[in-house]
Participant: 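Mind looking over this structure? Questions follow.
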Amino acid sequence: MEEAPNKKYDPGSNEGKMYQLWEEAGIFSAEGGSASGGNPPKGRGVFSMVLPPPNVTGILHIGHALMVTLSDVIVRYRRMRGDKTLWLPGTDHAAIATQEKVERDIYKSEGKTRHDLGREEFLRRVDAFAKASHDGIVHQLRKLGASLDWSREAFTLDEERNQAVKEAFKRMYEAGLIYRGSRIVNWDPKLQTTVSDDEIEWKEEKTNFYYLKYGPFTIATARPETKFGDKYVVMHPEDERYAKYKDGEKLNVEWINGPVVATIVKDKAVDPSFGTGVMTITPAHDAADFDIAERRKLDREQVIDFHGKLLPIAGEFADTHISKARSLIVEKLKSKGLVEKTDENYVHRIATSSRGGGVIEPQLMEQWFVSVSKKFKATSDKINGIKKGSETNLKEIMLKAVEGGQVNIIPERFKNEYFHWIENLRDWCISRQIWYGHRIPVWYRKQKINNNKQLTTEEIRVGEKPEGEGWEQDPDTLDTWFSSGLWTFSTLGWPDACRQTENSKLKTQNCEVVPGSDLAVFHPTSLLVTAYDILFFWVARMILMTGFFLGDVPFKTAYIHGIVRDKDKKKMSKSKGNAIDPLGIAETYGMDAVRMALVVGNAPGSDPVISEDKIRGYRNFATKVWNIARFLNMNEVFTADSGAKLVARDALHMKEFEAVKARVTSLIDRYQLHEAANEIYHYLWHTFADKIVEEGKLCLRSDADAEAGDTASTRAMFREIFRESLILLHPFMPFVTEAIYQEHFAPFSKDKLLASTPWC
RNA sequence: GCGCCCUUAGCUCAGUGGUAGAGCGUUUCAUUGACAUUGAAAAGGUCGGAGGUUCGAUCCCUCCAGGGCGCACCA
């Protein structure tokens with residue numbers, strides 16, 4: 001026996017068609033997208049978002065699907081509400097991540113390093129890889145149903161964004177916020193570059209803790225291999241035990257490679273209760289030691305080179321890699337009788353690079369930094385607590401923007417983490433010793449900049465390549481987050497859309513926004529949807545950059561979602577093999593089902609657990625909705641007179657449905673998407689289908705028993721509730737709802753597409 | 001060390017100051033004209049523990065236990 005046609009909803013044959021329909025109708029464009037045809041009606045606003053640009057390191061994973069779905073639900077809703085709606089797409093060059101990926105691939109297939117290929121050829125390879133990734137990502141975003149305005153697509157490393165980066169660098173440099181400094185940075189000897197504080201992963205390690213004799217003192221250390229240059233011995237000024245030693249006093253001590261002159265330093269940084277209360281310091285390889293050296297103007301000497309090998313200061317151990325040196329040095333110390341005891345169960349934490357897993361070696365290096373505490377004059381009153389013209393700094397801007405409520409973070413608990421992070425924030429090292437990324441827009445002639453020397457304009461230029469001979473560009477590139485920090489406004493036409501005012505004294509940041517430009521219309525953006533793992537990397541830095549360049553916030557609300565977990569609560573990742581590929585699974589169950597599974601039950605900020613079972617459950621729901629439509633169609637509901645007078649029972653159903661509409665609407669407005677989706681799901685299946693339709697069947701079938709008015713009333717009620725249910729469900733399950741709408745409603749509606757039908 | 005979060009049905013998670021919800025799983029029954037990707041029903045929870053506030057607490061407060069996370073960090 002043959003099956004009835006279209007018994008099952010077939011996502012495969014519908015989803016592509018529906019997306020094409022939307023794109024061709026131009027409804028995703030900010031100009032034509034809203035239900036009112038572009039210009040927001042009175043009382044309606046403007047709604048804008050940028051897509052957190054996915055890294056061009058490969059394909060999208062389920063976490064992207066989550067972010068895209070949550071965003072798309074809201075964007076589609078706002079569009080149906082009649083707002084002038086922009087959702088701006090783009091991709092991120094992801095500097096270090098992309099470079100590393102390509103380097104690995106090349107090494108695997110050709111056995112060559114980037115140095116073998118040379119900068120130019122290597123960058124060509126990276127660009128080719130990035131282009132391919134980009135194309136895949138764009139394809140995937142369409143598959144996900146993302147209603148993005150493709151006419152405004154951007155890339156963090158394209159020409160416009162490069163202009164923005166150069167301009168931003170220049171203005172910050174001129175304001176004194178970007179400076180070249182010699183500071184302790186996190187050096188990754190494996191990748192041969194600095195990494196930011198936030199890219200550090202701390203790992204616990206059990207190791208030996210050596211108590212060494214240093215003249216009359218005993219010092220404790222886990223890293224004897226760094227101790228060659230130690231000539232300062234530090235203790236707390238009020239430590240009774242060492243009261244007889246005076247600050248600045250010099251002592252001769254026998255040390256690893258012979259006698260050295262040790263200088264006593266009394267400093268409160270030492271904790272008298274830890275170890276022996278005395279330590280020697282290694283300012284070139286430890287941030288805390290460096291602070292002391294900086295404060296007390298002490299010498300600092302590099303002991304370990306950038307490849308992790310000991311320098312000549314180590315004497316006989318010079319050129320030995322630190323991983324091998326430790327045991328050798330301990331042997332020597334023992335033979336000299338300098339090892340007092342060894343604690344074998346010492347647990348401490350070592351810094352590793354989250355990019356490549358290499359052990360970080362703190363190094364004293366010259367790098368470019370953004371100062372988070374240097375004062376400058378505020379250029380606007382837009383952030384509560386900071387007055388125009390008053391002195392402020394980047395830290396304060398980041399703090400006040402959230403504290404004052406200009407940026408609302410959902411869920412609220414992330415505010416605490418954010419504040420905590422800012423309190424401890426140090427200057428941001430923005431230079432990277434890699435090739436892929438925005439080259440630092442600084443040119444030198446004759447000599448390089450250094451923090452002790454002021455260079456003239458004959459020696460340094462910032463911004464654009466200067467005319468004339470002999471200029472050489474800084475070889476480094478910028479931290480990828482420098483360009484993504486500009487994202488909300490670099491994508492909207494900054495700096496061109498923001499003319500600098502000639503007569504302003506605050507030339508560096510101040511500018512006038514060109515009326516009618518994207519920047520004027522859409523910035524600050526309404527909402528940012530992103531995962532909590534980049535709260536500091538990105539969210540905080542956007543607030544920093546926008547605060548400085550526009551005196552404003554980048555977005556009014558940040559909706560922070562979690563990290564997708566598998567059934568065992570493990571983070572999904574390709575390397576673990578537990579990842580669900582959103583597109584692969586959607587081929588089986590349909591993208592609508594994947595989207596619902598990502599939304600329902602996933603409270604803001606918490607980690608959603610996604611399993612194939614859950615997706616299958618919502619696939620069943622899509623089929624259910626499809627079959628409701630089939631049933632109603634069989635019973636001539638869609639061709640019914642929608643103006644029929646409703647009998648009391650049907651009017652009651654309508655009234656109850658009004659309450660559902662109100663709840664769904666209010667829940668979306670409050671970003672309770674997980675509840676909103678659940679509400680409409682329940683209503684459609686377990687109230688409308690199971691109760692109202694089942695009950696109405698009698699009325700439709702046994703015409704003999706029913707009054708004509710009853711039947712007409714029931715049909716009209718079915719038609720209206722179902723039509724509006726499709727509207728409520730559309731942001732969550734856009735494909736199946738549009739397919740049903742096209743088949744049964746479009747010919748009778750003056751609006752052609754469900755996606756641009758006004759919200760009910 | 002400072003701070004945050006979680007602990008609810010067998011599993012994974014929502015939720016609320018007033019008889020507890022979803023997905024999946026389990027049990028029973030129904031079914032050839034929307035849908036077995038179904039329907040009807042059932043089993044299953046003293047909402048981590050102990051106090052407190054309240055007419056009433058799973059929800060608010062305090063403490064405790066277990067788990068997770070952020071930041072800082074000691075040589």
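Chain naming here is simple, since letters A, B, ... match the order of the sequence lines and numbering starts at 1 in each. No hydrogens, no waters, no symmetry mates; every other heavy atom, side chains included, goes into these values.
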Participant: Locate the shortest heavy-atom distance separating A:Asn257 from A:Ile313; write the atom from each residue and the value.
Facilitator: ND2-O, 4.2 Å
Participant: Strictly below 4.0 Å: does A:His285 bring a side-chain N or O up to OP1 or OP2 of B:A75?
Facilitator: no
Participant: Taking any strand in view, what nucleotide pairs with B:C71 in a Watson-Crick or G-U wobble way, both distances under 3.5 Å?
Facilitator: B:G1
Participant: For A:Glu675, report the nucleic acid contact type (base, sugar-phosphate, nothing); a contact means any heavy atom under 4.0 Å.
Facilitator: sugar-phosphate
Participant: Among B:A75, B:C71, B:A14, which is the nearest nucleotide to the side chain of A:His674?
Facilitator: B:A14
Participant: Given atom CG of A:Asp533 and atom C1' of B:G70, what is their separation to the nearest angstrom?
Facilitator: 12 Å
Participant: Within the 4.0 Å heavy-atom criterion, would you say A:Ala629 contacts the bases, only the backbone, or no part of the nucleic acid?
Facilitator: nothing
Participant: Using whole Å, what does the distance between atom C1' of nucleotide B:A75 and atom NZ of A:Lys341 come to?
Facilitator: 15 Å
Participant: Please report the distance, rounded to the nearest Å, between CH2 in A:Trp685 and C1' in B:U37.
Facilitator: 7 Å
Participant: Tell me: CG of A:Asn424 to P of B:G70, nearest whole Å?
Facilitator: 15 Å
Participant: Rounded to whole angstroms, how far apart are CD on A:Glu636 and C1' on B:G33?
Facilitator: 14 Å
Participant: How far, in whole Å, is B:A14 from B:A20 if one measures between their C1' atoms?
Facilitator: 12 Å
Participant: When you measure from the side chain of A:Asn408 to the backbone of A:Thr557, do you find a donor-acceptor pair of N or O atoms at a distance under 3.5 Å?
Facilitator: no
Participant: RNA chain B: A:Asp198 or A:Gln672, which has the more 5' nearest nucleotide?
Facilitator: A:Gln672
Participant: May I ask you to say what A:Ser273 touches in the nucleic acid, namely base, sugar-phosphate or nothing, with a heavy-atom cut-off under 4.0 Å?
Facilitator: nothing
Participant: Any salt bridge (charged side-chain N to carboxylate O under 4.0 Å, His left out) involving residues 669-681 of chain A? Give me the pairs, sequence neighbours left out, ordered by first then second residue.
Facilitator: A:Arg78-A:Asp669, A:Arg81-A:Asp669, A:Arg663-A:Glu679
Participant: I'd like to know if A:Arg295 pairs up with A:Asp267 as an ion pair, taking the criterion as any Lys NZ or Arg NE/NH1/NH2 lying under 4.0 Å from an Asp or Glu carboxylate oxygen.
Facilitator: yes
Participant: All N/O contacts under 3.5 Å from nucleotides 2-4 of chain B to the protein, with atom names and distances to one decimal?
Facilitator:
residue, atom, partner, partner atom, Å
B:C2, O2, A:His420, NE2, 3.4

Participant: Rounded to the Å, how far apart are A:Ile264 CD1 and B:A75 P?
Facilitator: 21 Å
Participant: Taking the side chain of A:Asn627 as heavy atoms from C-beta outward, which of B:C71, B:U37, B:C35 is closest to it?
Facilitator: B:C35
Participant: With rounding to whole Å, what would you report as the distance between B:G21 and B:A43 at their P atoms?
Facilitator: 14 Å
Participant: Quick one: look up who B:C60 pairs with, Watson-Crick or G-U, both distances under 3.5 Å, and put none if it's unpaired.
Facilitator: B:G52
Participant: Which one is paired to B:A65, where only Watson-Crick or G-U wobble pairs with both distances under 3.5 angstrom count?
Facilitator: B:U7
Participant: With a 3.5 Å limit on both atom pairs, tell me what B:G25 is paired to, counting Watson-Crick and G-U wobble, or say none.
Facilitator: none
Participant: Indicate, with a heavy-atom threshold strictly under 4.0 Å, whether A:Thr280 touches base, sugar-phosphate, or nothing.
Facilitator: sugar-phosphate
Participant: Regarding A:Glu636 and A:Thr639, do their side chains bring together a donor and an acceptor under 3.5 Å, going by distance alone?
Facilitator: no
Participant: Taking atom P in both B:G25 and B:C11, what distance in whole Å separates the two?
Facilitator: 16 Å
Participant: Can you figure out which of B:C74, B:G39, B:A75 approaches the side chain of A:Ala288 most closely?
Facilitator: B:C74
Participant: Have a look at A:Lys227 and say if it touches a base, only the backbone sugar-phosphate, or nothing, with a 4.0 Å heavy-atom cut-off.
Facilitator: sugar-phosphate
Participant: Salt-bridged, A:Asp198 to A:Arg541, with N to O below 4.0 Å?
Facilitator: yes
Participant: Using distance alone, with no hydrogens and no angle criterion, decide if A:Ser196 and A:Asn186 have a side-chain donor and acceptor under 3.5 Å apart.
Facilitator: no
Participant: Taking A:Asp592 first and then A:Arg595, would you say they form a salt bridge - that is, a charged N and a carboxylate O separated by under 4.0 Å?
Facilitator: no
Participant: If we take the P atom in both B:A30 and B:G49, what is their distance in whole Å?
Facilitator: 41 Å
Participant: Do A:Tyr589 and A:Glu612 have side-chain N/O donor and acceptor atoms under 3.5 Å apart?
Facilitator: yes
Participant: What interatomic distance, in whole Å, is found between C1' of B:G70 and the corresponding atom of B:A75?
Facilitator: 25 Å
Participant: Is there a donor-acceptor pair under 3.5 Å between the side chain of A:Tyr559 and the backbone N or O of A:Leu70?
Facilitator: no
Participant: Could you work out the separation of B:A22 and B:A9 based on their C1' atoms and round it to a whole Å?
Facilitator: 11 Å
Participant: Base, sugar-phosphate alone, or nothing: which one does A:Phe536 contact when heavy atoms must sit under 4.0 Å apart?
Facilitator: sugar-phosphate
Participant: How does protein contact run along nucleotides 19-26 of chain B, one letter per nucleotide 5' to 3', with B for base contact, S for sugar-phosphate only, - for none, heavy atoms under 4.0 Å?
Facilitator: ---SSS--
Participant: Between B:U54 and B:C29, how far is it from one C1' atom to the other, in whole Å?
Facilitator: 46 Å
Participant: For nucleotides B:U53 and B:U58, find the distance between their C1' atoms and express it as a whole number of Å.
Facilitator: 16 Å
Participant: What is the distance, to the nearest angstrom, from the CG atom on A:Asp343 to the P atom on B:A75?
Facilitator: 12 Å
Participant: Please work out if A:Asn633 contacts a base, only the sugar-phosphate, or nothing of the nucleic acid, heavy-atom cut-off 4.0 Å.
Facilitator: nothing
Participant: Under 3.5 Å, side chain of A:Trp255 to main-chain N/O of A:Lys227, donor-acceptor pair present?
Facilitator: yes
Participant: Indicate, with a heavy-atom threshold strictly under 4.0 Å, whether A:Ile628 touches base, sugar-phosphate, or nothing.
Facilitator: base
Participant: If I take atom CZ in residue A:Arg670 and atom C1' in nucleotide B:G15, what distance separates them, rounded to the nearest angstrom?
Facilitator: 13 Å
Participant: Please work out if A:Ala603 contacts a base, only the sugar-phosphate, or nothing of the nucleic acid, heavy-atom cut-off 4.0 Å.
Facilitator: sugar-phosphate
Participant: Regarding A:Lys213 and A:Glu254, does a basic nitrogen lie under 4.0 Å from an acidic carboxylate oxygen?
Facilitator: no
